[in-house]
Number of protein chains: 2
Amino acid sequence: MELRTLRYFVTVAEELHFGRAASRLHMSQPPLSRAIQRLEGEVGAPLFDRSPAGVALTSVGTVLLDEARALLDQADRVRVRVAAAAGTAGITVGILGDATDTGATRLAAAYRREHPDADIRIRDTDLTDPTCGLRAGSVDVALTRAPFDGTALAVRELRADPVGVVLRADDPLARRDHLRLADLADRRWFQFPPGSDPAWQAYWNGGKPREGPVVRVVQECLQAVLWNGTIGIAPLGHDLPEHLAVVPLVDMAPSRVVLAWNEGDTNPLIRSFVRIATAVYRSTAS
Amino acid sequence: MELRTLRYFVTVAEELHFGRAASRLHMSQPPLSRAIQRLEGEVGAPLFDRSPAGVALTSVGTVLLDEARALLDQADRVRVRVAAAAGTAGITVGILGDATDTGATRLAAAYRREHPDADIRIRDTDLTDPTCGLRAGSVDVALTRAPFDGTALAVRELRADPVGVVLRADDPLARRDHLRLADLADRRWFQFPPGSDPAWQAYWNGGKPREGPVVRVVQECLQAVLWNGTIGIAPLGHDLPEHLAVVPLVDMAPSRVVLAWNEGDTNPLIRSFVRIATAVYRSTAS
DNA sequence: CTGTGACGATACCCGCCGGGTATCGGGAGC
DNA sequence: GCTCCCGATACCCGGCGGGTATCGTCACAG
């Protein structure tokens, strides 16, 4: 009953699907099936009911799921504490310009409480790079928004925000109580600087290539709305200057707030951070 | 940082000697050294100071030792709880005739408290077989006394009792406040039945082959003292009938109360039982 | 009723890692 | 200086954890 096996088990128990669990674990399905079979042999009882309708936890599996999660969490804490003793405990968190919100502050507090002796370095980044410098290694974990190229990154979704169109308050469309992308077809959209993540650009452009002035950061984006009359897309719920208005966009996919980190990173604080964040955001009424 | 590696680490930390730790782990020394080196690489700091004077824990090692012990204990509890859920939790404890004492009752209570839903089957055995039927499989763990042939058994010492000579109260030696083996050279000693463990017989005979009536159990042993005038050896601190006296034997090795179990046994309750017993006996003022 | 797709299990292969033995190196002590 | 002790290193081997290909079974569509 090694920790690795338990991680496999927990993943399968969460997915209730061997194939998906295997891909989450970056392995193929057969070895995962075998590992679970071995674990069931060790435990002496089946952990899953494999019926054609799908995979379900047995009662023993339910017990093991709780226990295994607790054990794995404790194992993470062990790693963190030892790293703290070795003086190597600390992470750099990259935060996308507008991802800061009440969830982030609660996350910071909870993390501080659990790891009072580990360093936290915060790096605020602009909207140009949704990975906040993850790939360059300047950041260990990014609190950011999807979508972006996730190659070699692990991503955990925390929340999804509906989005709206930011308009000048005197724009005729500003009086509508909701809009569709088609309503904006003839507007000028801003452009991200060249080299920006294509998936990222595509999302904020409503899925199509658009034309318009090139902007770099949130503030410039808002300025562009004001001065250039472009369209701005933003998650709802943000305060805006009063001469700007935001109208819900009903046919655009919500903006997903996510955590991302480099897949192979062994810094134990990352896993811990992700766990805490998941719990905090789950308990935060969206 | 798998559990197996942590077990290795804890063993080395307890022994502070790679060779001894390796033999306790039933492996050779080089793979153990490598495993520890890998662990140190993972942690990012040395865990031991290897000086020619000996091996010592570093400060990081001390932290990891505490954490690893706690984690391994929890892992054991996980296994027990899952076994309980699977309905396969239970152990048979063999208790040597005279090993019952206050320690054993506290042990039973503590065990019951930690594993309320696991079966405990108790099997009282006579003094003939110090392993209480471990090898035959009729018992999972034996609360008994050393020494005995420990091949394929794991043994954990709990306590050492000084021993004394049991004599008829009217024996001239009974007035002495202590005795040596030499004082008993011309006495008749009882014999264990043929086939009894040689190390066991040798111990209770003071290290030499002796002659005398063959006895089987404690009661018969005391009867032999009374009726046959043999010598009896017994741990101090037991109540005896008033027509018998016990005089401390100052040059005989104390009798070690030990737990023993079959080395390869995977029943998770065994490890848990051993851990609880160790804690209980350590806190029991001998 | 049969073709097809989904999904977990099975069969089989390979590289690596966790075991082993033999030996080295260096410090302590007679 | 020789020897002993003890951890580290070198090197080898079998098994296990990974992989791919395929099967068996069930659900569903037509």
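- Residues B:R145 and B:P235 meet the side-chain proximity criterion, which asks for heavy atoms closer than 4.5 Å.
- Taken to the nearest 0.5 Å, the OG1 atom of B:T131 stands 9.0 Å off from the CG atom of B:D149.
- In this structure, A:R69 pairs ionically with A:E14, as a charged nitrogen and a carboxylate oxygen lie closer than 4.0 Å.
- Considering CG of A:L71 and CZ of B:R79, their distance stands at 11.5 Å, rounded to 0.5 Å.
- To the nearest 0.5 angstrom, B:L57 atom CG is 4.5 Å from B:T62 atom OG1.
- Taken residue by residue, residues 20-28 of chain A places heavy atoms nearer than 4.0 Å to DNA chain D at A:H26, A:M27, A:S28.
- Here the P atom of nucleotide D:dT20 and the CG atom of A:L32 are 14 Å apart, to the nearest Å.
- Near DNA chain C, meaning a heavy atom under 4.0 Å from it, residues 38-49 of chain B has B:R38 in order of number.
- The salt bridge (charged side-chain N to carboxylate O under 4.0 Å, His left out) test with B:D73 is passed by exactly one of B:R275, B:R7, B:R271: B:R275.
- To the nearest 0.5 Å, atom CD of residue B:Q37 and atom CG of residue B:L32 are 10.0 Å apart.
- Taking OG1 of B:T144 as the reference point, atom CZ of B:R256 lies at 11.0 Å (rounded to 0.5 Å).
- Not one N or O on the side chain of B:Y8 forms a donor-acceptor pair closer than 3.5 Å with the backbone of B:L25.
- Not one N or O on the side chain of B:D251 forms a donor-acceptor pair closer than 3.5 Å with the backbone of B:R180.
- Atom CD1 of B:I276 is separated from atom CG of B:L259 by 11.0 Å, given to the nearest 0.5 angstrom.
- In this structure A:E15 satisfies the side-chain hydrogen bond (donor to acceptor under 3.5 Å, both in side chains) test together with A:R20, A:R24, sequence neighbours excluded.
- Relative orientation of the B:F48 and B:F9 rings is tilted, given thresholds of 30° and 60° on the angle between their planes.
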Subject >> Working for side chain to side chain donor-acceptor pair (under 3.5 Å), residues A:T278 and A:R156 >> reply: CA-CA 8 Å; A:T278 307; A:R156 173 80 61 103; 3.1 Å; yes
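- For DNA chain C, the residues of residues 6-17 of chain A within the heavy-atom distance limit of 4.0 Å (strictly under) are A:H17, sorted by number.
- Counting heavy atoms from C-beta on, the side chains of A:L269 and A:Y111 come closer than 4.5 Å.
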Atom pairs under 3.5 Å, N or O on each side, protein against nucleotides 25-30 of chain C: can you list them with distances?
none

Subject >> Base-contact (B) and sugar-phosphate-only (S) positions in nucleotides 10-16 of chain C, heavy-atom cut-off under 4.0 Å, - elsewhere >> reply: BB-----
